[in-house]
Amino acid sequence: MNSFFVKNLPCVLLLSLVILANAQRRDVDLHELERQNKITKQILEAFIQKKLGLKSNVPRAPSILDILPVRMANVPATRPPELEEEIEEEEQNQENLEEENQDLNEEQEIKEDDSLQSVESEQIDSIYDTQECSSCNDDELGVTRWTMPLLKSGEKKYYLGIFFKANWFKAQQYCRFHGMHLASISSQQENDKLEQYVKDSGYGREHFWTSGTDLAEEGSFFWMANGRPLTFVNWNAGEPNNFRYENGEEENCLELWNRDDKGLKWNDSPCSFETFFICEVRSD
């Protein structure tokens with residue numbers, strides 16, 4: 001018996017290492033146990049086949065490094081329940097704070113939008129009929145709003161946009177920003193009154209945008225100011241002709257223009273054309 005152990009000392013040592021390694025690692029998981037059992041089986045098979053003189057189909061016996069247990073993956077330390085509760089409470093407070101900030105930002109954006117779109121009653125009430133600007137004020141957005149010099153005519157008041165030129169869309173935006181619309185004309189009397197106002201201002205030879213357009217349906221002009229179709233017309237001869245330009249643009253917006261020295265009559269023009277404009281607001 002002693003001679004057996006002496007002759008087979010290497011195998012005995014390998015088996016002893018396997019057994020010792022398993023004994024020292026009681027926390028080895030199932031995969032590690034399976035690996036160690038496989039190593040043990042390989043050692044025994046290699047030993048038996050060598051003693052019987054059989055040709056070995058088994059890989060070489062595992063080395064000592066193969067036998068040693070594989071380190072288990074580091075398991076994150078669990079936090080005490082008290083600490084978990086504090087962390088959860090802090091995260092919840094942070095989420096609530098972010099929601100409150102988001103609500104405040106949305107509310108601020110709504111207020112800013114309203115301030116741009118709403119009609120300021122105090123401004124409208126202070127509108128006067130002379131051609132001088134009585135006061136200029138900055139609103140909370142830092143945008144200068146003018147107390148507009150207007151001409152009163154019946155139920156409307158008109159403002160001549162003669163300080164800069166703009167295309168039809170920009171002119172519309174400017175009028176709306178100041179609580180007005182691009183002008184509409186519903187009678188010969190209104191047209192004559194407006195024409196005289198333009199001439200007295202020294203701009204009788206200029207072009208002026210109104211709110212008339214047939215952008216929605218070619219040939220069907222209506223007033224963007226009130227959505228109504230034209231019931232009175234005062235076109236220049238041969239107008240509207242919807243002339244088509246080289247860039248493909250057509251004439252879809254209505255302007256006032258003294259084309260033939262026959263007074264301020266109507267003409268369809270490209271909406272991108274930049275010129276003066278007339279705004280209106282009801283005075284009732």
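Position 1 is the first residue of the sequence; numbering continues from there.
- Listed by chain and number, the hydrophobic cluster partners of Trp257 come to none, as no ILVMFWY side chain reaches under 4.5 Å of it.
- Between Leu230 and Leu254 the shortest side-chain heavy-atom distance falls below 4.5 Å.
- Atom OG of Ser269 is separated from atom CG of Leu256 by 11.5 Å, given to the nearest 0.5 angstrom.
- When the salt bridge (Lys or Arg N to Asp or Glu O under 4.0 Å) test is applied to Arg244, the partners found at least two apart in sequence or on another chain are Glu250.
- Side chain of Asn258 to main chain of Gly263: a donor-acceptor pair is present (N/O by atom type, distance under 3.5 Å, no hydrogens or angles).
- Here the side chain of Lys170 pairs no donor or acceptor atom with the backbone of Glu274 at under 3.5 angstrom.
- The shortest heavy-atom contact between His181 and Ala225 is CB-CB, 3.8 Å.
- Between Arg259 and Glu239, at least one side-chain N (NZ, or NE/NH1/NH2) sits under 4.0 Å from a carboxylate O, which counts as a salt bridge.
- Between the CD atom in Glu251 and the CD atom in Glu218 there is a gap of 9.5 Å [rounded to 0.5 Å].
- Put simply, the side chain of Leu160 reaches to within 4.5 Å of the side chain of Ile278, judged on heavy atoms.
- Asp260 places no side-chain N or O within 3.5 Å of a backbone atom of Lys262 that could act as its donor or acceptor partner.
- Few gaps surround OH on Tyr245; more than 12 heavy atoms of other groups in view lie less than 6.0 Å from it.
- Under the 4.5 Å side-chain heavy-atom criterion for grouping Ile, Leu, Val, Met, Phe, Trp and Tyr, Trp209 is not connected to Phe243 through any hydrophobic cluster.
- With sequence neighbours excluded, no residue forms a side chain to side chain donor-acceptor pair (under 3.5 Å) with Gln172.
- In this structure, Tyr203 has its ring center at least 6.0 angstrom away from the ring center of Tyr197.
- Taking both residues in full, the closest heavy atoms of Val281 and Gly179 are given as CG2-O, 4.0 Å, listed atom of the first, atom of the second, then distance.
- With 3.5 Å as the limit, one finds no donor-acceptor pair spanning the side chains of Gln196 and Asp192.
- Residues Ser186 and Thr231 come closest through the heavy atom pair O-OG1, 4.3 Å.
- When the shell of 6.0 Å around CD of Gln189 is examined, it contains 12 or fewer heavy atoms from other residues, nucleotides or ligands.
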Is there a side chain to side chain contact (heavy atoms under 4.5 Å, CB included) between Phe222 and Thr213 once you walk through the steps? CA-CA 6 Å; Phe222 69 97; Thr213 181; 3.9 Å; yes
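- Atom-to-atom distance recorded for Asn167:CG and Phe277:CZ is 10.5 Å, nearest 0.5 angstrom.
- For the side chain to side chain donor-acceptor pair (under 3.5 Å) with Tyr158, the qualifying choice from Glu280, Lys152, Glu190 is Glu190, the only one to do so.
- For Tyr159 and His178, the distance between ring centers is not under 6.0 angstrom.
- The structure places CG of Leu215 at 4.0 Å from SG of Cys271, a figure rounded to the nearest 0.5 Å.
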May I have the step-by-step check of ring-ring contact (aromatic ring centres under 6.0 Å, His included) for Phe221 and Trp266, ending in yes or no? CA-CA 12 Å; Phe221 279 86; Trp266 301 1; 9.0 Å; no
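- Using a 4.5 Å heavy-atom threshold, the side chains of Phe163 and Tyr174 count as separate.
- Distance CE/Met224 to SG/Cys253: 8.0 Å, rounded to 0.5 Å.
- Residues Leu194 and Leu264 are not in side-chain contact: their nearest non-hydrogen atoms beyond the backbone lie 4.5 Å or more apart.
- Defined by atom type and a distance below 3.5 Å, a donor-acceptor pair is missing between the side-chain atoms of Trp168 and Asn252.
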Where do Thr275 and Glu255 land on the side-chain hydrogen bond (donor to acceptor under 3.5 Å, both in side chains) test, with the steps shown first? CA-CA 9 Å; Thr275 188; Glu255 66 171 359; 5.3 Å; no
